[in-house]
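Within every chain, numbering begins at 1; the chains are lettered A, B, ... in the order of the sequence lines, protein sequences first and strands thereafter. All heavy atoms count here, side chains included; hydrogens, waters and symmetry mates do not.
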2 protein chains.
Amino acid sequence: MKNSCKEILMDKGLKNTRHRERILEVFKKSDRPLTAEEIFLILKSNSENSCLSTVYRTVEVFEAKGLVLKSNSIDDGKARFEFNTKEHKHHVICTRCHQIIFINECPFSEFEKKLKDKIDFDITGHKFEIYGYCKECQDQ
Amino acid sequence: MKNSCKEILMDKGLKNTRHRERILEVFKKSDRPLTAEEIFLILKSNSENSCLSTVYRTVEVFEAKGLVLKSNSIDDGKARFEFNTKEHKHHVICTRCHQIIFINECPFSEFEKKLKDKIDFDITGHKFEIYGYCKECQDQ
DNA sequence: AATGCAAATGAGAATGATTTGCATTAAAAA
DNA sequence: TTTTTAATGCAAATCATTCTCATTTGCATT
């Protein structure tokens with residue numbers, strides 16, 4: 001079968017360990033960015049014995065290999081990690097309940113090109129995040 | 001004189017203390033976002049006796065009143081604070097030297113309106129950040 | 001299947017930014 | 001000026017994250 005966790009790891013030149021497989025599975029199943037601790041707790045609830053520092057090390061390796069994306073957008077002092085689907089997407093973040101909605105549209109490609117010349121900056125990426133209140137939180 | 005630190009504080013219903021005035025001055029003079037420690041060191045070098053926890057408490061109050069903006073974009077584990085000029089602006093961040101360049105253009109206002117209807121989200125703001133290498137860092 | 005080696009892991013201690021509790025001090029109200 | 005209230009300084013606590021080191025595991029080779 002294609003794109004199994006095992007294959008993905010091999011592909012990136014990573015040693016295939018139980019731990020990495022499990023964490024990759026967690027990422028694939030999750031529809032939102034997770035904190036290291038959340039990942040740790042999910043593993044634990046699946047009766048995987050693990051520890052926080054290993055989770056941190058694993059997501060660090062995954063990030064270095066481009067498998068996951070890290071972000072600090074939710075300003076609660078915790079980093080969050082999500083599977084890198086390679087789709088270009090952006091986050092819409094509810095300021096109240098911290099729900100994250102994904103959008104795929106991106107209106108900035110031309111804008112970036114203009115900017116590149118204007119300020120002589122070698123652009124490698126961008127982040128666009130929208131803040132506000134989601135449907136549920138608007139009434140409160 | 002208008003917009004003195006004293007006036008700004010009164011305006012926000014904040015008690016006017018030496019400490020707050022000084023920190024507000026630091027923000028006004030700075031052309032880049034500062035960490036709490038940087039603010040603390042600037043105060044110290046101005047022979048203001050202060051302490052880190054007070055700086056943290058002060059910027060927290062300022063943030064709550066909309067006087068400063070907080071961000072965790074530079075992923076070095078330190079929050080940064082900048083004076084809220086109310087101008088709509090965005091950051092261009094050098095991934096290597098962490099320099100921050102400000103840009104005032106914003107191509108997203110129409111895009112936001114469309115989105116507002118589409119996903120029923122009450123948008124209060126957005127953040128657009130561009131990453132890459134600045135002129136100086138491109139050659140390295 | 002056994003072996004060796006490098007890399008990964010677990011457990012807990014260490015680090016560093018940020019917060020908190022509390023006694024003291026300073027600002028605003030009376 | 002006195003009273004009331006909130007801000008400050010200091011030290012200790014907290015919390016996310018990183019590090020250390022002894023042990024284990026994956027994987028290539030025998």
How would you list all residue pairs meeting side chain to side chain donor-acceptor pair (under 3.5 Å) that involve residues 40-50 of chain B, not counting sequence neighbours? B/R18-B/E48, B/H19-B/S50, B/R22-B/E48
Mind calculating the distance between CG (B/N72) and P (C/dT18) to the nearest angstrom? 8 Å
Measure the distance from CD on B/E63 to P on C/dT18 and round it to the nearest whole Å. 12 Å
Length of the CD-C1' vector between A/E21 and D/dG26, whole Å: 12 Å
Is A/S50 touching bases, backbone alone, or none of the nucleic acid, heavy atoms closer than 4.0 Å? sugar-phosphate
A/C51 side-chain proximity, nearest of C/dT9, C/dT20, C/dA11: C/dA11
Starting at atom CZ of B/R20, determine the distance to atom P of C/dA26, rounded to an integer number of angstrom. 15 Å
Once you apply a heavy-atom cut-off of 4.0 Å, does A/K15 come out as touching a base, just sugar-phosphate, or nothing? base
When you get a sec, tell me which of C/dA8, C/dG10, D/dG9 is the closest nucleotide to the side chain of A/T17? C/dA8
Sorted by number, the residues of residues 54-61 of chain B with heavy-atom contact under 4.0 Å to DNA chain C: B/Y56, B/R57
Restricting to non-hydrogen atoms, name the atom on B/E38 and the atom on B/L34 that form the minimum distance, rounded to 0.1 Å. OE1-CA, 3.2 Å
Side-chain contact test, heavy atoms from C-beta onward, threshold under 4.5 Å: evaluate it for A/F81 versus A/T35 and give yes or no. no
How far does CD1 of A/I42 sit from CD of A/E37, to the nearest 0.5 angstrom? 11.0 Å
What heavy-atom pair brings B/E25 and B/C5 nearest, and what distance separates the two atoms? CG-SG, 3.7 Å
D/dC19, OP1 or OP2 - any side-chain N/O from A/S53 closer than 4.0 Å? no
The dot-bracket string of DNA chain D, counting Watson-Crick and G-U wobble pairs with both distances under 3.5 Å, using [ ] for crossing pairs and | for pairs to another strand, is ||||||||||||||||||||||||||||||
Nearest heavy-atom contact between A/E21 and A/N16 is OE2-OD1, 3.0 Å
Whole Å only: how far is the NZ atom of A/K44 from the P atom of C/dG10? 13 Å
Applying side-chain contact (heavy atoms from CB on, under 4.5 Å) to B/L9 and B/F62, what does each step give before you reach the verdict? CA-CA 9 Å; B/L9 291 172; B/F62 283 1; 3.8 Å; yes
Evaluate A/F83 against A/L24 for side-chain contact (heavy atoms from CB on, under 4.5 Å), listing each step before the verdict. CA-CA 8 Å; A/F83 193 60; A/L24 211 43; 4.0 Å; yes
Specify the separation, in whole Å, of atom CG of B/D76 and atom P of D/dT18. 11 Å
B/N49 atom CG is separated from D/dG9 atom P, nearest whole Å, by 6 Å
Between B/E82 and B/K89, does any side-chain N to carboxylate O distance fall below 4.0 Å? yes
With a cut-off of less than 4.0 Å, is there a side-chain N or O of B/H19 near OP1 or OP2 of C/dA26? no
B/L52 CG to D/dG9 P, straight-line distance once rounded to whole Å: 11 Å
